[in-house]
Chemist: 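Okay, handing you the structure first.
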Amino acid sequence: MGTSTANVIEILALLILLQSVSSFCNGDNFNGSCIKTEREALVKFKSSLLNNSNSLPSWVGDDCCRWHGVTCDDITGHVVKLVLSWASIMGNISLHLGNLSNLQCLDLSLNPSLAIHSLHFPSSLKYLYLPYVVLDKCDNWLQSINMLPSLLELELWNCELSIIGDVSHVNFTSLEVLKLGLNNFHSTIPSWLYNITKLQNLDLYSSAFRGSLSTDISNLNSLASLSAGFNSLEGNIPNTLNRLCNLIELHLGYNKFSGEISGTFGNSSGCIKNSLEHLYLLNNSFSGSIPDNLGQFKRLKVLYLNENSFWGSIPVSIGQLYNLERLGFSQNSLHGEVSELHLLNLRSLIELNMGRNSLVFDIDPEWIPPFQLDWIALSSCEVGPSFPQWLKTQKSIRFLQMSNASISDNIPDWFENISSNIVGLDLSYNQLFGTLPPFRKLNTTYANEYRIILLKSNQFDGFLTCSHFDATILDISNNLLHGQIPQNLSEMMPSLRLLSLSNNYLNGTFPATLCRIESLQILDLSNNHLSGRIPSCWGNLPSLTVIDFSSNMLSGDVPMSLGSQESLVSLHLQNNTLQGKIPMSLRNLESLETLDFSMNSFDGFIPSWIGESLSSLKVLSIHSNKLEGEIPLQLCYLASLRILNLANNMMTGTIPNCFGNFTAIAMHEQKGHWDYYTNAEPYMGFIRASYGENVQVYVKGVELEYSRTLRFLYSIDLSGNNFVGEILQELMNLSGLQNLNLSTNKLDGHIPWNIGKLSSLESLDLSENELSGSIPFSISDLSFLSHLNLSFNRLSGRIPKGNQLQTLDDKSIYIGNDGLCGPPLNNCSDDADVLPKGHEKGGTTRKDDSEMVWFYGGMGMGFAAGFVGVCSILYFNDSWRCAWFGLVDRVCNKLWVTIAIRANQVKRKFLRNKLEGNA
């Protein structure tokens, strides 16, 4: 008992001694909880912050070791760790933490409102994390870091750095982790970086680095991860990379690298093959064949060579990578056969992506794969003609892409058994036939997951059945489906966002149940045989952006409720038998960009509110109706308009001279997109379904449908009406105009002399009017003109020659103008060059008139300059001024005397004659 008591006393004495020694070492500043000078340094840091009274609310009291984010050493009381990530601190500060002399870890990351313009750290620092802190004013950051010899990890992600800096000698050679990604260096990779030989993790991701990757990369022999993707690095990959025996992950994707990779990854002597697990070389310009030695990289888990220019066949040795999980060879120039030997031992494979190559899959239908795939992408490969039977063993497929895969078969019954996990299916552009495949209800694995089914451009027939589709995106356009649209569609797919059933043979009336799908955003039922009236039920679809009911047999009026779709961007009702007036409720569609009501039986006037309310309109096509009256001047407010088609109506009046206000045509604007997507979060790597805007335009004598190239078209078509008056000079300001059709009207006067200003014009049709005078010579300046029709007018004189007109040698261009001559018509007589009376200011002389205007204008300016110069000299020089006015006086006096003498002589002569007459 006594011994035990003695031991306890000894231990207590030792603890007291240690406490005394600690107090002695730390001096009077240590009060058992926080060093006073370090607390003051922290308080000074807080006071430098913006809104410091509300920042870091826990930083009160004397014990700074209890403050949020502050960690002190349990024995010494020194602050060793300061972690303020996501602390919502802000300000523009100078960071000086030198008084925290024992600080080992500083983490200010993820405070994007914090800007630091000067850095000073204690030399004890080992871990420094500043991601998403603004350092754009901190040009000497590298010099500050170079004073930290103990630094092990440095993270400066997304700090808006633009200067990489340089040092003659690297002091932070202990560094193991360096992350400089998401900055804006715009420089080559600095040479000092290759001297940090203990580096294990190097991240230069998306920082605008350019130039090549140095062969000195082999100095970093401890490197385990190198990420330099999304830069502008170019040239060959250095062969010395294969000496990095510890490298596990290599990400060089999305650069400009070129050349072959066989020197780096095809060399069997390199030790990189024993460690590498992740290889990302996608989206570069690599060429050559895929090295056969890649089969020796047994630890490889991810191999992405997508989007390069590799050619040749896929080596069979790839099939020996039994640890491989993700294989990406898509979008190259690979060819040859792919058999089960290429996939034989890929027992860990979950992703197979070989699409957009010229590969031919020749796999035994009885083969049972050793893997269970999650993602299969074989689009634009030759997978058919039979539907691949080996897929029936794949129970875990989430994404299956086999569009344009030369499959000519029906979808087998067993497909339903593997469909429950399918999130994305794309079998478009094949020759699949039979009835639509049944789907099991989606077995969702992740939150916000939804199903995409793309079966367009096949030969599916039969009735449309929606049982168990359970889709959010459904595109079955361009097939042979018939029958009615199911009334229970809204019940089977209540989350539907895109529905495209266009170009089928569906009939019956429009199902009003579609109006119950509140999530619906894109609805395309065009080119079917739907009949009856458009239902009046559109008030409950707040997200609807696209409606396309064109080319059906719909009749009746346009329902007023369509005007409640304030998100609507594109509205197509063309080529039906709709009638009545354009409803005023559509003026609420302020986001509308395309309005196509053409080829119907609408009557009345063009509403003025189209120009007043639909300010975003890019396409207005209402041709081939029964509209009458004049063009409302309010249409000139449509500054974004690119395509205007009012042809084949019964409109009258003149063309408004404000048509020159179409800014988008005059400025040749090409901004904006013409594909409309749903707001569903896209799946990375899977095709994103959309609605492609399309418009039919009569161009170059034929009716053409524009879709993908629509954004480049600028057209005005007013043909087939009763417009009168002259062709306006203001139209010549539309330099981006490509198609101008004013044919079959009652226009008179002359063709504008400066029509050559329409420099982008490709098609010009002025036929069947009452135009007179000669054809302006400036028409030969239209370098892109490939279609011209001036027939059946009253034109005369010589047909201009030169440039693009030389290729337009069809006589029908000028037929019906008896006064025209010259190639390709008959030869001209000598007086053919004499312009008709009254045309001196309209035809070919306008160019000369323009030159005379410039001549007289220049002469007037010269006279004014000379006059001002002479007056200035006379004003500042007294002797010259006196001499000048003396000269003027003498000349005036002499003229006055001469005139007076002459007048007296005339007077005396007159009196003498009068006296002689009286005598």
Chemist: Counting N and O atoms only, with roles assigned by atom type, does the side chain of Asp409 sit under 3.5 Å from a partner on the main chain of Phe387, one being a donor and the other an acceptor?
Modeler: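 Yes: the side chain of Asp409 pairs with the backbone of Phe387.
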
Chemist: Main chain of Glu307, side chain of Asn283: is a donor-acceptor contact present, judged purely on distance under 3.5 Å?
Modeler: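 Absent.
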
Chemist: From Leu589 CG over to Leu595 CG, what is the distance, rounded to the nearest 0.5 angstrom?
Modeler: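 Going from CG on Leu589 over to CG on Leu595, the span is 8.5 Å.
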
Chemist: Checking the side chain of Ser358 only, and the main-chain atoms of His335 only, is there a donor and an acceptor separated by less than 3.5 Å?
Modeler: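 The answer is no, because no donor-acceptor pair under 3.5 Å joins these two groups.
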
Chemist: If you take all heavy atoms of Asp426 and Ile687, which pair is closest and at what distance?
Modeler: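 Minimum heavy-atom separation between Asp426 and Ile687: OD2-CG2, 3.5 Å.
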
Chemist: Compute the ring centroids of Tyr254 and Tyr280, then answer whether they are less than 6.0 Å apart.
Modeler: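 When the ring centroids of Tyr254 and Tyr280 are compared, they turn out to be at least 6.0 Å apart.
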
Chemist: For the residue pair Glu693 and His572, confirm or rule out a side-chain donor-acceptor distance under 3.5 Å.
Modeler: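 Indeed, the side chains of Glu693 and His572 share at least one donor-acceptor pair under 3.5 Å.
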
Chemist: Let me confirm one number: the CD-CG distance from Gln574 to Asn645, rounded to the nearest 0.5 Å.
Modeler: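 So the gap between those two atoms works out to 11.0 Å.
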
Chemist: How long is the gap from CD on Glu703 to CD on Gln696, to the nearest 0.5 Å?
Modeler: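 The CD atom of Gln696 is 4.5 Å from CD of Glu703, to the nearest 0.5 Å.
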
Chemist: Calculate, to the nearest 0.5 Å, the distance between atoms CG and CG belonging to Asp374 and Asn421 respectively.
Modeler: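 Answer rounded to 0.5 Å: 9.0 Å.
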
Chemist: Any side-chain donor paired with an acceptor under 3.5 Å for Asn306 and Ser330?
Modeler: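 Side-chain D/A pair, Asn306 to Ser330: present.
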
Chemist: Show me the donor-acceptor pairs, under 3.5 Å and distance only, between side chains in residues 543-552 and residues at least two apart or in other chains.
Modeler:
from, atom 1, to, atom 2, distance (Å)
Thr545, OG1, Gln521, O, 3.0
Asp548, OD1, Ser550, N, 3.1
Asp548, OD1, Ser550, OG, 2.7
Asp548, OD2, Tyr691, OH, 2.7
Ser551, OG, Asn575, ND2, 3.1
Asn552, OD1, Asn528, N, 3.3
Asn552, OD1, His529, N, 3.4
Asn552, OD1, Leu530, N, 3.0
Asn552, ND2, Leu525, O, 3.1
Asn552, ND2, Phe549, O, 3.1
Asn552, ND2, Ser550, O, 3.2

Chemist: In a check of side-chain contact (heavy atoms from CB on, under 4.5 Å) between Phe602 and each of Ile622, Asn649, Val558, which one passes?
Modeler: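 When Ile622, Asn649, Val558 are each tested with Phe602, the side-chain contact (heavy atoms from CB on, under 4.5 Å) holds only for Val558.
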
Chemist: Grab the two heavy atoms, one from Gly563 and one from Asn588, that are nearest each other, plus how far apart they are.
Modeler: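 Looking at all heavy atoms of both residues, the shortest contact is O-CB, 3.3 Å.
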
Chemist: Asn733 side chain to Ser735 main-chain N or O, any donor-acceptor pair under 3.5 Å?
Modeler: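 Answer holds: no.
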
Chemist: What are the two closest non-hydrogen atoms of Ala377 and Asn353, and how far apart are they?
Modeler: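 Closest pair (atom of Ala377, atom of Asn353, distance): CB-OD1, 3.4 Å.
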
Chemist: Relative to the ring of Phe463, is the ring of His482 parallel (under 30°), tilted (30 to 60°) or perpendicular (over 60°)?
Modeler: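 Rings of His482 and Phe463: perpendicular, as their planes differ by over 60°.
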
Chemist: Is the CZ atom of Arg398 crowded by more than 12 outside heavy atoms at less than 6.0 Å?
Modeler: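 Counting other residues, nucleotides and ligands, CZ of Arg398 exceeds 12 neighbours.
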
Chemist: Phe415 and Phe439: ring pair (Phe, Tyr, Trp, His ring centres under 6.0 Å), yes or no, with the steps?
Modeler: CA-CA 8 Å; Phe415 183 81; Phe439 283 76; 5.8 Å; yes

Chemist: Can you list the residues that meet the ring pair (Phe, Tyr, Trp, His ring centres under 6.0 Å) rule with Phe361, with sequence neighbours excluded?
Modeler: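 Here no residue qualifies.
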
Chemist: How about Asn679 and Arg497: does a side-chain donor come under 3.5 Å of a side-chain acceptor?
Modeler: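 Yes - a donor-acceptor pair under 3.5 Å links their side chains.
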
Chemist: Does any donor atom in the side chain of Ser428 or Ser403 lie under 3.5 Å from an acceptor atom in the other side chain?
Modeler: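 No, Ser403 and Ser428 have no side-chain donor paired with an acceptor closer than 3.5 Å.
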
Chemist: Over all heavy atoms of both residues, which pair between Lys441 and Arg451 is shortest? Give the atoms and the distance, please.
Modeler: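 Nearest heavy atoms, Lys441 then Arg451: C-NH2, 4.2 Å.
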
Chemist: Restricting to non-hydrogen atoms, name the atom on Gly508 and the atom on Gln484 that form the minimum distance, rounded to 0.1 Å.
Modeler: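 Scanning both residues completely, I find the closest heavy atoms to be CA-CG, 4.1 Å.
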
Chemist: Classify the ring geometry between Phe686 and Tyr683 as parallel (under 30°), tilted (30 to 60°) or perpendicular (over 60°).
Modeler: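 Ring orientation of Phe686 relative to Tyr683: perpendicular.
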
Chemist: What is the minimum heavy-atom distance between Lys581 and Gly604, and which atoms define it?
Modeler: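 In terms of heavy atoms, the two residues are closest at CE-CA, 4.3 Å.
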
Chemist: Does Ser591 offer a backbone N or O that forms a donor-acceptor pair with the side chain of Ser616 under 3.5 Å?
Modeler: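 Not at all, since once roles are kept as given, no pair shorter than 3.5 Å links the two residues.
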
Chemist: Excluding sequence neighbours, so at least two apart, what forms disulfide (SG to SG under 2.5 Å) with Cys381?
Modeler: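 None.
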
Chemist: Is the backbone of Asp461 close enough, under 3.5 Å, to the side chain of Asn479 for a donor and an acceptor to pair up by distance?
Modeler: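 Not at all, since once roles are kept as given, no pair shorter than 3.5 Å links the two residues.
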
Chemist: Working to the nearest 0.5 Å, report the span between OG of Ser526 and CG of Leu573.
Modeler: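 The CG atom of Leu573 is 11.0 Å from OG of Ser526, to the nearest 0.5 Å.
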
Chemist: Is a side-chain donor-acceptor pair under 3.5 Å present for Ser715 with Asn739?
Modeler: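 Per modelled atom types, Asn739 and Ser715 side chains form a pair under 3.5 Å.
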
Chemist: Measuring from Tyr450:OH to Leu496:CG, what's the distance to the nearest 0.5 Å?
Modeler: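 Rounded to the nearest 0.5 Å, the OH-CG separation comes out at 12.5 Å.
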
Chemist: Looking at Phe510, is Arg533 sitting on its ring face, NZ or CZ under 6.0 Å from the six-membered ring centre and within 45 degrees of the normal?
Modeler: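 Ring-cation test returns no.
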
